[in-house]
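Atom set for the values below is all heavy atoms of this structure, side chains included, hydrogens, waters and symmetry mates excluded.
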Amino acid sequence: MAVTGFRRRVVALTVLIATAVVAILVVVSHVLLSGVTDADAHDLARTRAEAVAANVTTVGGRVVLTENSSEALDEVAWVYADGHLIDGNVPASVVERVEALAASQRTQTAAVDNYLLYAQKVPIDGHRAMVIVRVDLTPYETSEQRSLTLSLILGGLAILLAGGVAHLVVRRALRVVHEMAALADDWGHHEPGRRFNLGVPHDEFGELGRTLDRLLERVDNALADERRLTDEIAHELRTPLTVLRGEAQLAQLSGEPVAPEAVLSEVDRLDAAVTTILRAARARRDVGTRCDLGSAARQAIAGRAVEVAFPTKIEAAVAADVAVSLLSPLLENGLRHARSRVWITARIQDEAIVVDVLDDGPGFDSAEVDRVFEAGVTGGSGYGLGLPVVRRIAASAGVEVRAIADGRGHVEVTLPAARAAT
């Protein structure tokens, strides 16, 4: 419906513009033609008057017409001398106007009914002579009317042609757009890796193809992101569920009750994993969000043996729960792999806050340092359990996190610093 409406609007606009152009052209051409026919009529009248005036002379002190080869000339040309008609037969319908022109003694024109009257003074010494001719304007008006009718017919055909061409062109163009959109929709569902690959765009269709390629790329990335989220959920939840199942099976085989401490510990771990994954899925960086990073670090430590070396007042431009969700898995990894010591420091660098989570464990393998944040990848004696979730939270909140291979456990987190209130 929307495409049809757009097509109708384009065709209607084309017809409207074509109608306006045709109307202007018809008016202009009619005005020009009227001017030409008027000029032709005046030229004919002047030529006829000059031809008659050339035969006006004096004989014996009287003004006479020396030659009149056509009897029809009496109906279209008349000669007056000293206020009297000396040649020609003036029709009753124009006699008053002709006599008025003869008495005026000056060259001029007048229109009577469908006729043009032209009066021309004849220079004869001692006499007042005038030649008056009549030109029938009916042929000229008929020609103008026929020309106007033909112009209107041709203009109407031009408008219909413009509308038809616009309809065909727009339908063809929209068919290409529709086909591209249908292909992109189908690829997004079944073949997210397909692309139009039209190259450098040279027209609007190239721009559309590039835009759809970017859209398909985002869809493909979103699907890949969802698959990673599924892998991370399975990876994070498998271990506590396995421990709980093992405790239950052990109690079933031995007949002894399940140790509540172990069950509660794994339940807490499971709950923390679910909460962290949900936060990772929902995490966003909102303008104006800030938190006390020292308070968030203490909340992430939760009473565990971790040394803290933070400035007295340091605020990051992220939500407190996001900061806790970032630091908790890193501290857990550090405590799991440290020999005796885990510590966390923070420093301000440019407009960012750099947090270092360190332990005296074996650290990261330099060959695997770029893959430790992938789900299921572990390094050394087990690094990587919660790092995929950390990467997801960091990407969602605009935070940079990286592992550093420097002979110890070392993860660097770069958070945006909160701007001072004005």
Q: Going by heavy atoms in the side chains, are Gln120 and Val52 under 4.5 Å from each other?
A: no
Q: Ignoring hydrogens and angles, tell me if any N or O in the side chain of Asp82 forms a donor-acceptor pair with the backbone of Arg128 under 3.5 Å.
A: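 Answer holds: yes.
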Q: Drop me the distance from Leu101's CG to Glu99's CD, to the nearest 0.5 angstrom.
A: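 Atom-to-atom, Leu101:CG and Glu99:CD are 10.5 Å apart.
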Q: Nearest 0.5 Å, what's the CD1-CD1 distance between Ile314 and Ile353?
A: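 Going from the CD1 atom of Ile314 to the CD1 atom of Ile353 covers 4.0 Å.
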Q: Rounded to the nearest 0.5 Å, how far apart are CZ of Arg298 and CG of Leu327?
A: 12.5 Å
Q: Can you tell me if CZ on Arg62 sees more than 12 non-hydrogen neighbours from other groups inside 6.0 Å?
A: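 Count not over threshold, so no.
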Q: Test your reading of the model: is there a side-chain donor-acceptor pair from Asp87 to the backbone of Val79, 3.5 Å cut-off?
A: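 Such a contact is absent between Asp87 side chain and Val79 backbone.
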Q: Closest approach of Gln105 and Ala129, non-hydrogen atoms and distance?
A: OE1-N, 4.3 Å
Q: Find out whether Ser151 and Val22 are in side-chain contact, i.e. whether some heavy atom of one side chain is under 4.5 Å from a heavy atom of the other.
A: no
Q: Would you indicate whether the side-chain heavy atoms of Val64 and Ile86 approach each other to under 4.5 Å?
A: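 SC-SC contact between Ile86 and Val64 ruled out.
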Q: Once rounded to the nearest 0.5 Å, what's the spacing between atom CG of Leu415 and atom CD of Glu315?
A: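 Leu415 atom CG to Glu315 atom CD measures 13.0 Å (nearest 0.5 Å).
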Q: If you compare all heavy atoms of Val26 against all heavy atoms of Ser29, which two are closest, and at what distance to 0.1 Å?
A: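 In terms of heavy atoms, the two residues are closest at O-OG, 2.9 Å.
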Q: Is the shortest distance from a Lys or Arg side-chain nitrogen in Asp136 or Arg134 to a carboxylate oxygen in the other one below 4.0 Å?
A: no
Q: Using a 4.5 Å cut-off on heavy atoms from C-beta on, say whether the side chain of Thr107 contacts that of Tyr118.
A: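 They are in contact (side-chain heavy atoms under 4.5 Å apart), so the answer is yes.
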Q: Which atoms form the tightest heavy-atom contact between Ser366 and Ala405, and what is the distance?
A: CA-CB, 3.8 Å
Q: Does Asp365 reach the main-chain N or O of Ala367 with its side chain, forming a donor-acceptor pair under 3.5 Å?
A: yes
Q: Of all the heavy-atom pairs spanning Val324 and Ala296, show the shortest one and how long it is.
A: CG2-O, 3.6 Å
Q: Are Ser295 and Phe310 packed together at the side-chain level, in the sense that at least one heavy-atom pair is separated by less than 4.5 angstrom?
A: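 Not in contact.
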Q: Show, in sequence, the C-alpha distance, side-chain angles and deciding distance for Val122 and His127, and conclude whether the side-chain contact (heavy atoms from CB on, under 4.5 Å) test is met.
A: CA-CA 9 Å; Val122 181; His127 298 277; over 6 Å; no
Q: Between OH of Tyr140 and CG of Leu116, what distance do you get to the nearest 0.5 Å?
A: 9.0 Å
Q: For a quick test of reading the model, state the closest non-hydrogen atom pair linking Ala119 to Met130 and the distance between them.
A: CB-CE, 3.8 Å
Q: Are side-chain heavy atoms of Leu330 and Leu326 found at a separation under 4.5 Å?
A: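 No - every pair of side-chain heavy atoms lies 4.5 Å or more apart.
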Q: Test your reading of the model: is there a side-chain donor-acceptor pair from His42 to the backbone of Asp38, 3.5 Å cut-off?
A: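 Yes; at least one donor-acceptor contact below 3.5 Å.
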Q: Is there a side-chain contact between Pro139 and Ser143 (heavy atoms, below 4.5 Å)?
A: no
Q: How far does CG of Leu293 sit from NZ of Lys313, to the nearest 0.5 angstrom?
A: 11.0 Å
Q: Between Arg304 and Ala300, is there a donor-acceptor pair closer than 3.5 Å when you use the side chain of the first and the backbone of the second?
A: yes
Q: Run the side-chain contact (heavy atoms from CB on, under 4.5 Å) test on His167 and Arg7 for me, step by step, so that the C-alpha distance in whole Å, both residues' side-chain angles and the decisive distance to 0.1 Å come before the verdict.
A: CA-CA 7 Å; His167 177 77; Arg7 182 186 306 161; 3.6 Å; yes
Q: Of all heavy-atom pairs between Ala77 and Val133, which one has the smallest distance, and what is that distance?
A: CB-CG1, 3.8 Å
Q: Please report the C-alpha distance between Ile344 and Val355 in whole Å, then the side-chain angles of each, then the deciding distance to 0.1 Å, and finally whether the side-chain contact (heavy atoms from CB on, under 4.5 Å) criterion is met.
A: CA-CA 7 Å; Ile344 180 171; Val355 178; 3.7 Å; yes
Q: Take atom CD of Glu96 as the centre, draw a 6.0 Å sphere, and report whether it contains more than 12 heavy atoms from other residues, nucleotides or ligands.
A: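 Result for CD/Glu96: open.
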Q: Taking C-beta and beyond as the side chain, do Val401 and Val411 meet within less than 4.5 Å on heavy atoms?
A: yes
